[in-house]
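Notes for the one structure printed next.
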Amino acid sequence: MYLGLSGGIGCGKSTVAKMLSDLGAVVIDADAIAKEVLEPGQIGYENVIHKFGDGVLDTSGNIDRKKLAELVFQDANQLAQLEDIVHPAVVARVAQIRESLPNTATVVYDTPLLVEKQLQNQFDRVLMVFADLDVRKQRLVDRGLEIGDIEARLANQVSDEQRVAVADFVIVNNGSLQELRDNVTKVWQQVSA
Ligand code: ADP
């Protein structure tokens with residue numbers, strides 16, 4: 001079983017991923033893989049230096065993700081070029097991880113960009129996590145994010161309708177963590193059967 005997991009920022013997607021992992025799922029964290037493929041020795045690292053020059057390195061020789069972000073977010077063409085490096089590297093790494101797992105594993109692909117990147121058809125099922133906007137804002141404030149940053153990030157999200165349209169399972173996470181765990185367990189019973 002290959003389950004796609006997504007949701008808007010502050011909905012509780014990472015919390016759900018952790019709960020699924022505790023229940024026995026193998027969770028692949030898309031953001032973590034995207035970082036990993038740019039580490040020294042990885043294919044993305046060499047390709048980024050080749051394309052963007054060693055001005056994107058920090059003093060220790062690692063890719064400075066902030067510098068890289070500043071460079072590409074001003075220029076759609078450069079952003080596309082970076083995507084062309086990172087995307088295939090992530091796809092290859094994910095394929096490698098999945099090949100190393102038994103067929104019986106329930107694998108969860110945790111990505112904030114499932115809808116944006118139209119990944120839904122890759123999965124057997126899609127689980128989408130939702131929460132009301134005020135609940136999400138409060139959770140992000142509690143997590144230490146600046147309100148301006150939160151508003152900017154929230155403004156940049158796809159709509160709930162677009163998320164629902166690709167979902168097989170929906171969890172609304174406005175309540176307690178115990179309530180969330182109960183709902184995650186219900187989904188787990190269906191995807192791990
Ligand atoms: P996302 O990955 O969707 O951005 P997180 O899982 O990181 O969201 O959750 C955002 C914050 O809200 C975290 O600090 C998390 O511990 C907290 N949180 C998530 N769900 C609940 C809940 N049901 N009750 C209380 N806090 C929650």
Side-chain angles (χ1 to χ4, degrees), residues 1-38 65-66 68-69 73 79 83 86-87 90-91 93-94 97-98 105-120 122-192:
M1 163 61 68
Y2 195 28
L3 179 71
L5 167 66
S6 196
I9 182 166
C11 284
K13 178 181 67 65
S14 309
T15 307
V16 169
K18 172 75 174 61
M19 289 175 175
L20 286 167
S21 165
D22 291 344
L23 287 164
V26 178
V27 176
I28 301 175
D29 179 337
D31 284 346
I33 305 266
K35 281 188 188 148
E36 186 192 310
V37 300
L38 294 185
R65 301 178 60 82
K66 221 176 144 206
L68 191 57
F73 285 117
L79 178 60
E83 283 277 310
V86 175
H87 181 71
V90 169
V91 169
R93 179 73 187 117
V94 171
I97 294 171
R98 290 188 64 208
T106 299
V107 182
V108 176
Y109 190 71
D110 171 6
T111 173
L113 300 178
L114 190 149
V115 173
E116 288 85 340
K117 294 197 171 174
Q118 300 188 299
L119 304 179
Q120 59 272 12
Q122 299 183 0
F123 305 107
D124 299 315
R125 297 282 185 279
V126 168
L127 166 58
M128 204 57 81
V129 185
F130 293 91
D132 289 348
L133 207 52
D134 53 343
V135 175
R136 293 164 68 189
K137 274 188 200 171
Q138 189 55 52
R139 285 186 186 145
L140 295 171
V141 168
D142 292 345
R143 208 167 68 179
L145 265 76
E146 298 290 333
I147 191 72
D149 198 16
I150 294 171
E151 300 283 357
R153 290 182 192 214
L154 286 170
N156 245 325
Q157 304 264 299
V158 297
S159 69
D160 284 358
E161 289 72 21
Q162 284 169 286
R163 291 189 197 281
V164 168
V166 302
D168 300 286
F169 304 105
V170 164
I171 289 181
V172 179
N173 178 27
N174 287 328
S176 67
L177 284 170
Q178 188 52 49
E179 208 174 298
L180 180 62
R181 198 170 291 112
D182 291 345
N183 285 324
V184 170
T185 304
K186 280 182 203 151
V187 172
W188 172 252
Q189 282 161 353
Q190 296 185 64
V191 296
S192 63

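Computation of the quantities below employed the complete heavy-atom set of this structure, encompassing side-chain atoms and omitting hydrogens, waters and symmetry-equivalent molecules. Remember, it's 1-based here, ligands and their atoms both numbered in the order they're listed.
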Is it true that G8 lies under 4.0 Å from ligand 1, counting heavy atoms only? yes
The closest protein heavy-atom partner of atom 19 (C) of ligand 1 is T15 OG1, 3.6 Å
re atom 2 (O) of ligand 1, the protein heavy-atom contact at minimum distance is S14 OG, 2.5 Å
Quiz item: Do D110 side-chain atoms and A17 backbone N/O form a donor-acceptor pair below 3.5 Å?
Solution: no
To the nearest 0.5 Å, atom CG of L127 lies from atom OH of Y109 at 15.5 Å
Between E116 and P112, the two heavy atoms sitting closest are OE1-O, 3.5 Å
Taking only non-hydrogen atoms of S176 and a 4.0 Å limit, the atoms of ligand 1 in range are 23 (N)
Q. Is D132 paired with R136 through a side-chain N to carboxylate O contact shorter than 4.0 Å?
A. no
heavy-atom search around atom 4 (O) of ligand 1 in the protein gives G10 N, 2.8 Å
*asked:* If the threshold is 4.0 Å, N to carboxylate O, is there a salt bridge linking K35 and D31?
replied: no
the protein heavy atom lying closest to atom 13 (C) of ligand 1 turns out to be R143 CD, 4.0 Å
Residue, atom and distance of the protein heavy atom nearest atom 26 (N) of ligand 1 read R139 NE, 3.8 Å
Rounded to the nearest 0.5 Å, the CG atom of N173 sits from the CZ atom of R181 at a distance of 11.0 Å
For ligand 1 and G12, I'd like to know whether there is a polar contact (N/O to N/O, distance under 3.5 Å). yes
- Sub-4.0 Å heavy-atom contact, G175 with ligand 1: yes
Is the shortest N/O to N/O distance between C11 and ligand 1 below 3.5 Å? yes
Polar-atom distance check: L140 versus ligand 1, any N or O pair below 3.5 Å? no
Atom 20 (N) of ligand 1: closest protein heavy atom, distance to 0.1 Å, is N173 ND2, 3.0 Å
For atom 25 (C) of ligand 1, the closest protein heavy atom turns out to be L177 CG, 4.0 Å
* Indicate whether the side chain of D134 and that of Q138 have a donor and an acceptor atom separated by less than 3.5 Å. => no
So the atoms of ligand 1 within less than 4.0 Å of a heavy atom of K13 turn out to be 1 (P), 2 (O), 3 (O), 6 (O), 8 (O)
Only residue of Q157, Q162, Q120 satisfying side-chain contact (heavy atoms from CB on, under 4.5 Å) with V115 is Q162
Before giving the answer on side-chain contact (heavy atoms from CB on, under 4.5 Å), spell out for L5 and T111 the whole-Å C-alpha distance, their side-chain angles and the decisive distance to 0.1 Å.
CA-CA 6 Å; L5 167 66; T111 173; over 6 Å; no
